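Input: a single structure, listed below in structure tokens.
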Amino acid sequence: IMDYRYSSSLTAADIMQSVKQKYPGVPVIVLSEVFDLPTDMASHATAFVRKGDPQQLVNKLNELRETGAIRELY
């Protein structure tokens with residue numbers, strides 16, 4: 001799960017390029033206050049959830065786990 005906006009010179013897409021090089025199959029949920037998945041994250045994201053609705057995040061995690069896109073880590 002990663003936020004979309006950062007206060008550094010790196011963007012979320014920059015960070016994801018590095019993460020995907022080291023962990024190519026890692027699923028990513030983008031979390032942001034914007035209304036839709038930003039286009040620069042479309043190729044990196046497994047899912048998108050808007051901030052401010054924790055139940056939506058829980059629902060998305062459960063959905064992805066049920067479909068096999070993510071697995072339980074414990």
Side-chain angles (χ1 to χ4, degrees):
I1 300 172
M2 72 174 295
D3 199 346
Y4 177 66
R5 295 186 196 237
Y6 295 90
S7 61
S8 72
S9 60
L10 290 174
T11 66
D14 294 333
I15 293 167
M16 280 314 306
Q17 287 175 350
S18 296
V19 169
K20 291 284 186 165
Q21 285 177 355
K22 190 166 185 175
Y23 306 100
V26 68
V28 176
I29 299 174
V30 176
L31 188 63
S32 183
E33 77 283 349
V34 298
F35 286 98
D36 296 307
L37 176 65
T39 56
D40 63 336
M41 291 301 291
S43 64
H44 303 292
T46 305
F48 172 76
V49 174
R50 252 180 76 70
K51 285 183 180 179
D53 187 353
Q55 189 59 52
Q56 182 187 16
L57 179 57
V58 169
N59 292 345
K60 182 57 71 175
L61 287 166
N62 286 331
E63 173 190 323
L64 293 172
R65 190 181 73 223
E66 289 170 4
T67 63
I70 62 173
R71 61 180 173 75
E72 290 185 36
L73 298 176
Y74 52 91

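Please read these numbers as outputs of a predicted model, since none were measured by experiment.
- Expressed to the nearest 0.5 Å, how far CZ of Arg50 lies from CD of Gln56 amounts to 8.5 Å.
- Connection of Val26 to Val30 is established within a shared hydrophobic cluster, with ILVMFWY side chains joined at heavy-atom distances below 4.5 Å, either directly or through further cluster members.
- Remark: the backbone N or O of Asn59 is not paired with any side-chain donor or acceptor of Asn62 at under 3.5 angstrom.
- Here CG of Asp36 is found 14.5 Å from CE of Met41. Values are rounded to the nearest 0.5 Å.
- Annotation: the span from Gln55 atom CD to Lys60 atom NZ amounts to 13.0 Å, rounded to 0.5 Å.
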For this session: Before giving the answer on side chain to side chain contact (heavy atoms under 4.5 Å, CB included), spell out for Arg5 and Val34 the whole-Å C-alpha distance, their side-chain angles and the decisive distance to 0.1 Å.
Result: CA-CA 10 Å; Arg5 295 186 196 237; Val34 298; 3.1 Å; yes
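- Met16 and Tyr4 end up in the same hydrophobic cluster when Ile, Leu, Val, Met, Phe, Trp and Tyr side chains are linked at under 4.5 Å.
- Remark: Thr46 OG1 to His44 NE2 distance equals 11.5 Å, nearest 0.5 Å.
- Follow the hydrophobic side-chain contacts under 4.5 Å out from Ile1 and you never reach Val58; the two are in separate clusters.
- A salt bridge links Asp3 with Lys51; the closest basic N to acidic carboxylate O contact falls under 4.0 Å.
- When the salt bridge (Lys or Arg N to Asp or Glu O under 4.0 Å) test is applied to Lys20, no partner is found at least two apart in sequence or on another chain.
- In this structure, Ala42 and Leu37 approach most closely via the heavy-atom pair CA-CD2, 3.7 Å.
- Residues Ile15 and Val19 are in side-chain contact: their nearest non-hydrogen atoms beyond the backbone lie under 4.5 Å apart.
- With side-chain heavy atoms closer than 4.5 Å counting as contact, directly or through intermediates, Phe35 stands alone and belongs to no larger hydrophobic cluster.
- Under the 4.5 Å side-chain heavy-atom criterion for Ile, Leu, Val, Met, Phe, Trp and Tyr, Leu57 and Leu64 are members of the same hydrophobic cluster.
- Considering only heavy atoms from C-beta on, Met2 comes within 4.5 Å of Val28 through its side chain.
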